[in-house]
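Some notes on the structure that comes next.
Numbers restart at 1 for each chain; the letters A, B, ... are given by sequence-line order, proteins then strands.
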Number of protein chains: 2
Amino acid sequence: MLSDVMEDYLKAIYTLQTEDGDPVATSAIAEYLDVTPPTVTSMVEKLEERELVEREKYKGVELTPEGETVALEVLRHHRLLEAYLNEHLDYAWSEVHDEADRLEHHISEEFERRVAEALGDPEVDPHGDPIPNADLAPIEDDDTTPLSDHGEGETVVVARVSDRDDEELRYLSEAGVAPGTRLEVVDVAPFGMVTVRIRGGEAAPDDRREQSLPESVAASIRVRSGDSETATPESGVGGA
Amino acid sequence: MLSDVMEDYLKAIYTLQTEDGDPVATSAIAEYLDVTPPTVTSMVEKLEERELVEREKYKGVELTPEGETVALEVLRHHRLLEAYLNEHLDYAWSEVHDEADRLEHHISEEFERRVAEALGDPEVDPHGDPIPNADLAPIEDDDTTPLSDHGEGETVVVARVSDRDDEELRYLSEAGVAPGTRLEVVDVAPFGMVTVRIRGGEAAPDDRREQSLPESVAASIRVRSGDSETATPESGVGGA
DNA sequence: GGGTCGTATTAGGCTCGTCTAAAGTATAAA
DNA sequence: TTTATACTTTAGACGAGCCTAATACGACCC
């Protein structure tokens, strides 16, 4: 009963809400979905009628619990598909996003179940993003921090990388930075440029053992302390 | 550039053209797609503008070569998906159609390639329908005949069963009639009711070795002579 | 050749999701 | 307190794909 488009709006609002905090601006949604702000306003009104979002005019919008459930369903589809494409169809880590976007609205419950089973009910997708469980329980905050928050000498383990930008993804993949990779911060230069030494994880070519990352990239990499041994279970760091 | 809906019309026209011969009636398309005849008329006009069909008003419509190519592309997606779901995701033979219908418009060229590769470039889907090749060359007429054309004592091998009706499909699956099954016609009763003895193929329960099929069902089963050993390569007769 | 009947097309209208242009609101600066 | 600026919403239009009701066509029968 809910159109693909409505699901896309809910997914977008969920994502923006998770990234930037609570009331989400019309213009942010518009930019995310590549439509104009008036289009967003009118869509948001329809979502409000269906009680999927709450909204205060001129202020912003946030998901109701029902809206969040719908968003989690779409996200579950998306991330299961990413994992499946990576693991069973040989897609590279950096290629799965677009295909999953195409398919996420069109799979049945049955398909979802069988894919989850084929994967052994994974908890994270190849980017390290958590996969909502079958009951669509809200995802609790994790204990990760942006790489850009860390200083020289610290050792961390990559938990997730953003799947938003294809080019960035290929760049990181090239550089050998993936979920599970252990990094030591060797330098933080002006403007936030971070240089890291890559240790373990996928074998990186010798000349890539050190890597400088622009602030924007470092900010989108979420890491956990490298001392603890509670690293995310090796989860789809394959493919190239 | 072509909408999903347009692709559906082209696929429908292709199918009807293949089943019932050349100029396809507006009402036939309407019934197939479950829309009203005026809707078909207006859609057909748009397809004509794009030179995907040729049409003579009040007469009927047929595909141009370009239109046929589009239909074959969709059909290739559909049948590869059916085969993949059956072989790699454990779907029963009789369950794959709807899921493939949902997905066929939404997969990329890349996905098509990888699925075809994972399957080893199969030539038929689990129903026995031929899968258009990657170049989308027109499918030439095969040498099959409807089971209902055969008389008592003849032995035949099932080449394809129609994937149009879910209930029929489950019935045949139950009965042990699938592509590759060898049948002996033991009786043809009034009104075309055909009784067959099932030999070989999937093991049928003992009490199901003989099976009576209504004329409409017998007409939708395409068979080859059972004497020749040119049986279709064992192709997805799995699942239940 | 003129009805009759089934099928096809035309006419006109609806919803959905989008747009542009115009008007309104909130906020921060002067 | 007033004004400038950025953002949001309102107003109005459009194409796609569908519908119903009305009209046109064609084929077959007498």
Side-chain angles (χ1 to χ4, degrees), chain A residues 1-14 16-17 19-63 67 70-71 74 101-102 104-106, chain B residues 1-14 16-17 19-63 67 70-71 74 101-102 104-106:
Chain A
M1 277 82 303
L2 226 48
S3 70
D4 295 358
V5 174
M6 280 191 175
E7 290 184 353
D8 277 331
Y9 277 84
L10 294 171
K11 183 176 113 178
I13 294 165
Y14 179 90
L16 293 167
Q17 195 168 278
E19 276 176 12
D20 307 335
D22 245 341
V24 178
T26 300
S27 53
I29 302 169
E31 191 187 358
Y32 190 93
L33 292 175
D34 199 27
V35 296
T36 60
T39 302
V40 173
T41 298
S42 82
M43 193 65 218
V44 161
E45 279 166 1
K46 287 173 197 161
L47 294 172
E48 195 182 19
E49 274 166 30
R50 292 180 181 242
E51 302 186 20
L52 295 164
V53 303
E54 252 161 52
R55 152 176 124 102
E56 210 178 334
K57 264 184 162 182
Y58 291 100
K59 285 292 171 34
V61 67
E62 52 193 292
L63 296 175
V70 174
V74 178
D101 254 0
R102 264 190 286 277
E104 65 191 5
H105 302 297
H106 307 288
Chain B
M1 287 91 301
L2 228 47
S3 69
D4 295 358
V5 174
M6 280 192 175
E7 290 183 354
D8 277 332
Y9 277 84
L10 294 171
K11 184 176 114 180
I13 295 165
Y14 180 90
L16 293 168
Q17 196 167 277
E19 276 176 14
D20 308 334
D22 244 344
V24 178
T26 300
S27 54
I29 302 170
E31 191 186 357
Y32 190 93
L33 292 176
D34 199 26
V35 295
T36 61
T39 302
V40 173
T41 299
S42 83
M43 192 66 219
V44 161
E45 279 167 0
K46 287 173 198 162
L47 293 172
E48 195 183 19
E49 274 167 29
R50 293 181 181 242
E51 304 187 18
L52 296 165
V53 303
E54 252 161 53
R55 152 177 126 100
E56 210 177 334
K57 265 181 157 185
Y58 292 97
K59 286 292 172 32
V61 68
E62 51 192 293
L63 296 175
V70 174
V74 178
D101 254 359
R102 264 190 285 278
E104 67 191 5
H105 302 297
H106 305 288

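When all heavy atoms are compared, the tightest approach of A/Thr41 to A/Arg55 is CG2-NH1, 4.2 Å. In terms of heavy atoms, B/His106 sits closest to B/Asp4 at CE1-OD2, 3.1 Å. The heavy-atom pair separating B/Ile13 from B/Ile29 by the smallest distance is CG1-CD1, 3.7 Å. The minimum heavy-atom distance between B/Pro37 and B/Ala30, with the atom names listed, is N-CB, 3.9 Å. Summarising the geometry of A/Pro23 relative to A/Gly60, their closest heavy-atom pair is CB-CA, 4.5 Å, with the distance given to 0.1 Å. The heavy-atom pair separating B/Ala28 from B/Val24 by the smallest distance is CB-CG1, 4.3 Å.
OP1 or OP2 of C/dT18 lies within a sub-4.0 Å distance of a side-chain N or O belonging to A/Tyr9. Within the structure, a side-chain polar atom (N or O) of A/Ser3 is placed less than 4.0 Å from OP1 or OP2 of C/dG17.
Both A/Thr36 and A/Lys57 lie close to DNA chain C; mapped to their nearest nucleotides by heavy-atom distance, the more 5′-ward contact belongs to A/Thr36.
The distance between atom OH of A/Tyr58 and atom P of C/dA23, rounded to the nearest whole Å, is 13 Å. Taking atom CG on A/Leu2 and atom C1' on C/dG17, their separation rounds to 14 Å, with Å as the unit. Rounded to whole Å, atom C1' of C/dG17 lies 10 Å from atom CE of A/Met6.
Side chain of B/Pro37, nearest nucleotide from C/dT9, C/dT18, C/dT7: C/dT9.
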Steps toward side-chain contact (heavy atoms from CB on, under 4.5 Å) verdict (A/Lys11, A/Asp101): CA-CA 11 Å; A/Lys11 183 176 113 178; A/Asp101 254 0; 2.8 Å; yes
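Heavy-atom distances under 4.0 Å link DNA chain C to A/Pro38, A/Thr39, A/Ser42 of residues 38-50 of chain A, given in residue order.
A/Gln17 places a side-chain N or O within 3.5 Å of a backbone atom of A/Leu63 that can act as its donor or acceptor partner.
Chain A approaches DNA chain D over the interval D/dT8 to D/dT10, counting the first and last nucleotide 5' to 3' with an atom under 4.0 Å from its heavy atoms.
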